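Proteins come first, then strands; the chains are lettered A, B, ... in the order of their sequence lines, and each starts at number 1. Just so we're clear, the structure is a prediction, and the values are computed from it rather than from any experiment.
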Protein chains: 2
Amino acid sequence: MVKYKTTMSPDRLSLTFSALADPTRRAILARLTNGARSVTELAEPHDMSMPAISKHLRVLERSGLIERSREAQWRPCRIKAAPLKEAVDWMEQYRRHWEQSLDRLEEYLKVLQSGKPKAKGKTNERKK
Amino acid sequence: MVKYKTTMSPDRLSLTFSALADPTRRAILARLTNGARSVTELAEPHDMSMPAISKHLRVLERSGLIERSREAQWRPCRIKAAPLKEAVDWMEQYRRHWEQSLDRLEEYLKVLQSGKPKAKGKTNERKK
DNA sequence: TCTTTAATTAACCAAATGGTTAAATACAAA
DNA sequence: TTTGTATTTAACCATTTGGTTAATTAAAGA
């Protein structure tokens with residue numbers, strides 16, 4: 001039996017979401033909607049060293065959200081939003097949950113199912 | 001001047017995305033679409049200790065993706081998908097980028113703008 | 001009151017993350 | 001060939017993250 005597990009799973013969705021979980025990286029993506037940009041250009045608005053930006057770009061690249069090419073001594077980045085589609089598709093499955101009316105209905109069904117939710121307890125033992 | 005900065009910014013979007021960046025937490029959310037569940041029930045399918053699950057739930061709670069209440073000795077969790085709407089809204093701004101035809105058009109515009117992209121270089125010095 | 005069940009908290013650990021500065025690399029230009 | 005510019009790599013550091021086990025808390029039930 002293993003004592004300490006760590007291993008962050010590198011599935012596509014996790015990579016995409018964790019790439020998006022940083023405001024600097026989201027700002028970079030936003031900037032790239034106006035077209036390809038060099039690393040220096042991308043770094044300029046951020047109070048941060050070049051290597052820091054370089055690391056953010058590597059994260060974005062590994063998640064597939066940007067693509068880097070080569071043009072003389074510049075490494076222009078361009079956005080590749082495809083992984084966002086995957087992410088949005090996944091989230092769509094919860095749309096009904098964030099749409100008010102349905103939430104209310106569900107609330108009601110839950111009350112019906114659980115019977116005397118305040119009094120008897122054990123409300124959450126039903127499986128599936 | 002500060003030497004080492006770390007501070008992960010806790011804006012809503014970052015919280016949401018980083019909560020979603022873990023497969024265990026996504027699985028928990030998925031499970032909760034079938035209604036409220038106790039911590040033990042949520043833990044059951046995962047080969048992981050209770051405290052580990054407890055921590056995941058805390059992350060989900062702080063991101064606003066779940067809500068925990070109290071019922072006897074159980075702490076039933078229910079999904080609160082509202083933050084997902086915010087996240088999806090943010091992503092929608094990139095929809096045109098992941099829709100093929102537009103990508104192609106943009107590619108073409110980029111070529112036009114930059115002139116001799118192979119030969120002269122300095123392609124990426126244009127601002128805005 | 002004592003025991004059992006559900007869950008959290010505490011203390012620990014290893015790896016990942018997000019930053020730094022300094023050095024190395026790659027290409028262009030003089 | 002040397003110099004300058006763009007970028008990455010290396011080595012470091014602190015904090016965060018995701019897990020563990022052991023102890024604690026909270027309520028139910030005998």
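Taking atom CZ on A:R25 and atom P on C:dG19, their separation rounds to 8 Å, with Å as the unit. At whole-Å resolution of the value, CG in A:D47 and P in C:dG18 are 17 Å apart. For A:L57 and D:dA6, the CG to C1' distance is 13 Å, given to the nearest whole Å. Atom CH2 of B:W74 and atom C1' of D:dG29 are 11 Å apart (whole Å). Rounded to whole angstrom, the span from the CG atom of B:L15 across to the C1' atom of D:dT17 amounts to 14 Å. Regarding B:H46, its NE2 atom lies at a distance of 12 Å from the P atom of D:dT20, rounded to whole Å. The NZ atom of B:K55 sits 13 Å away from the P atom of D:dT16 (whole-angstrom rounding). C:dA6 atom P lies 13 Å from atom CZ of B:R70, rounded to whole Å.
Of the candidates C:dG18, D:dT5, C:dT8, C:dG18 carries the atom nearest the A:H56 side chain, counting heavy atoms from C-beta on. If you check D:dG19, D:dA28, C:dG18 against the side chain of B:M48, the one that comes closest is D:dG19. Checking D:dA22, D:dA28, C:dC12 against every side-chain atom of B:P51, the shortest atom distance belongs to D:dA22. Comparing atom distances between the A:Q73 side chain and each of D:dA6, D:dA27, D:dT8 picks out D:dA6 as nearest. Out of C:dG18, D:dT8, D:dA27, the shortest distance to the side chain of A:R68 is found at D:dT8. With distances taken from any side-chain atom of A:S49 to the nucleotides D:dG19, C:dG19, C:dT20, the minimum falls on C:dT20.
Between A:M50 and B:V39, it is B:V39 whose nearest contact on DNA chain C lies nearer the 5' terminus. Between B:V59 and A:I53, the residue anchored closer to the 5' end of DNA chain D is A:I53, taking for each the nucleotide with the nearest heavy atom.
Electrostatic pairing of A:E92 and A:R95 counts as a salt bridge here, judged by a charged N lying under 4.0 Å from a carboxylate O. The pair B:D22-B:R26 fails the salt-bridge criterion, with no side-chain N (NZ, NE, NH1 or NH2) lying under 4.0 Å from an Asp/Glu carboxylate O.
With hydrogens and angles ignored, the 3.5 Å screen pairs a side-chain donor or acceptor of B:E41 with a backbone N or O of B:S38.
In this structure B:R68 satisfies the salt bridge (Lys or Arg N to Asp or Glu O under 4.0 Å) test together with B:E61, sequence neighbours excluded. In this view, A:E86 satisfies the side-chain hydrogen bond (donor to acceptor under 3.5 Å, both in side chains) rule with no residue, not counting sequence neighbours.
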